[in-house]
Amino acid sequence: MKKTDICTIENSKIVLNNDIIFETPTENFSDFAKEAYKSLALNYPKFHKMDNLSKLAFLASEMILKDEDHSRMALVFANRSSSLDTDLKYQESINSKENYFPSPAVFVYTLPNICVGEISIKHKMQTENAFFVLDEFDENFLNDYATQILHLGKADKVLCGWVELYQESYQAFVYLLTL
């Protein structure tokens, strides 16, 4: 297995292959994501409708994927909190007796695998994708799963990643694997 292109996002900074791509003093994730999207000139209007977990995964993936053909690329992601950040926001909309208007736009993001779906849609990926909920980042597990996909010929490359987001705590570590 060969690991190429590594992107990390944390502490209001995006780093690709040890080069700082974007940095801001903004601590709030939502503001950070908007600033990064604008600064990096990413052109994908659906970004603004995504939940924060999807935005985190999308930003990290875009740094690696750019606009090349990725139709034969698989995605294998994981995190600890699943979609809990969005789940809590959706629950708040249900709990409010005065403003009981559960939003379908929020409900859509109450599954963690939606973020890999957003990436797949943008890049027209039609291969395997998986999103695991693990106690901690387990690179060996992700790599073993990716290796199986590659050896079975289901994809030519696998984008693997840990995308953890809960409230204002966030971290992404995304990397590309090939044989």
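- Looking only at side-chain heavy atoms (C-beta outward), M73 and L176 come within less than 4.5 Å of each other.
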In sequence, state the C-alpha distance, the side-chain angles, and the governing distance for Y37 and Y44, and then conclude on ring pair (Phe, Tyr, Trp, His ring centres under 6.0 Å). CA-CA 9 Å; Y37 176 87; Y44 193 64; 8.5 Å; no
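- Pairing each heavy atom of L150 with each of A155, the nearest pair is CD2-O, 3.4 Å.
- Under the 4.5 Å side-chain heavy-atom criterion for Ile, Leu, Val, Met, Phe, Trp and Tyr, L134 and Y145 are members of the same hydrophobic cluster.
- A side-chain donor-acceptor contact under 3.5 Å links N17 to the backbone of I6.
- Looking only at side-chain heavy atoms (C-beta outward), V108 and K49 stay at 4.5 Å or farther from each other.
- Side-chain atoms of N143 and Y175 form a donor-acceptor pair, as typed in the model, at a separation below 3.5 Å.
- Once rounded to the nearest 0.5 Å, the distance linking OH of Y170 with CG of N28 reads 8.5 Å.
- A pairwise comparison of heavy atoms in A57 and F77 identifies CB-CE2, 4.1 Å as the closest pair.
- Separating the CG atom in L177 from the OG1 atom in T4 is a distance of 7.5 Å, to the nearest 0.5 Å.
- Between the OG1 atom of T24 and the NZ atom of K13 there is a distance of 12.0 Å, given to the nearest 0.5 Å.
- By the 4.5 Å heavy-atom criterion applied to side chains, S81 and E164 are counted as neighbours.
- Residues Q91 and D87 fail the side-chain proximity criterion, which asks for heavy atoms closer than 4.5 Å.
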Please walk me through it: do K46 and I121 pass side-chain contact (heavy atoms from CB on, under 4.5 Å)? CA-CA 10 Å; K46 283 182 64 177; I121 290 166; 4.2 Å; yes
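- Contact detail for A60 and I9: the closest heavy-atom pair is N-CD1, 3.5 Å.
- Two residues are said to be in side-chain contact when any heavy atoms from C-beta on lie closer than 4.5 Å; F131 and V163 meet this criterion.
- Side-chain contact between F29 and L165 is present, with at least one heavy-atom pair separated by less than 4.5 Å.
- No side-chain heavy atom of E128 sits less than 4.5 Å from a side-chain heavy atom of V158.
- With hydrophobic clusters built from ILVMFWY side chains whose heavy atoms lie under 4.5 angstrom apart, M125 does not share a cluster with F132.
- In terms of hydrophobic clustering, with Ile, Leu, Val, Met, Phe, Trp and Tyr side chains grouped at heavy-atom distances under 4.5 Å, F173 and L53 are assigned to different clusters.
- No donor-acceptor pair under 3.5 Å is formed between the side chain of R80 and the backbone N or O of F137.
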Evaluate the side-chain contact (heavy atoms from CB on, under 4.5 Å) criterion for residues I14 and F32: first the C-alpha distance (whole Å), next the side-chain angles of each, then the deciding distance (0.1 Å), finally the verdict. CA-CA 10 Å; I14 300 175; F32 164 77; 3.7 Å; yes
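- Between the side chains of S71 and Q126, not a single donor N or O lies within less than 3.5 Å of an accepting N or O.
- At least one side-chain heavy atom of L65 sits under 4.5 Å from a side-chain heavy atom of I119.
- The two residues I114 and S54 come nearest to each other via the heavy atoms C-OG, 4.3 Å.
- Residue K3 qualifies as enclosed at atom NZ: its count of foreign heavy atoms under 6.0 Å is above 12.
- Counting non-hydrogen atoms of neighbouring residues, nucleotides and ligands closer than 6.0 angstrom, the CD atom of E10 exceeds 12 such neighbours.
- Cluster membership for V116 and L56, using ILVMFWY side-chain heavy atoms within less than 4.5 angstrom, is shared.
- Shown here is N18, whose CG atom has no more than 12 heavy atoms of other residues, nucleotides or ligands within 6.0 Å.
- Nearest heavy atoms, E27 versus S12: CA-OG, 3.8 Å.
- The backbone N or O of E35 lies less than 3.5 Å from no partner atom in the side chain of S39, so there is not a single donor-acceptor pair.
- Between M50 atom CE and T86 atom OG1 the span is 12.5 Å, to the nearest 0.5 Å.
- Here the shortest heavy-atom pairing between L42 and L59 reads CD1-CD2, 3.6 Å.
- Among H70, E118, K66, E62, the one residue that satisfies the side chain to side chain donor-acceptor pair (under 3.5 Å) test with H123 is E62.
- The environment of CZ in F107 is sparse: at most 12 heavy-atom neighbours from other residues, nucleotides or ligands sit within 6.0 Å.
- By the rule that hydrophobic residues join a cluster once side-chain heavy atoms approach within less than 4.5 Å of another member, I149 and F141 end up as members of one cluster.
- To the nearest 0.5 Å, atom CG of residue L40 and atom CE of residue M63 are 4.5 Å apart.
- The CG atom of N79 sits 11.0 Å away from the CD atom of Q171 when rounded to the nearest 0.5 Å.
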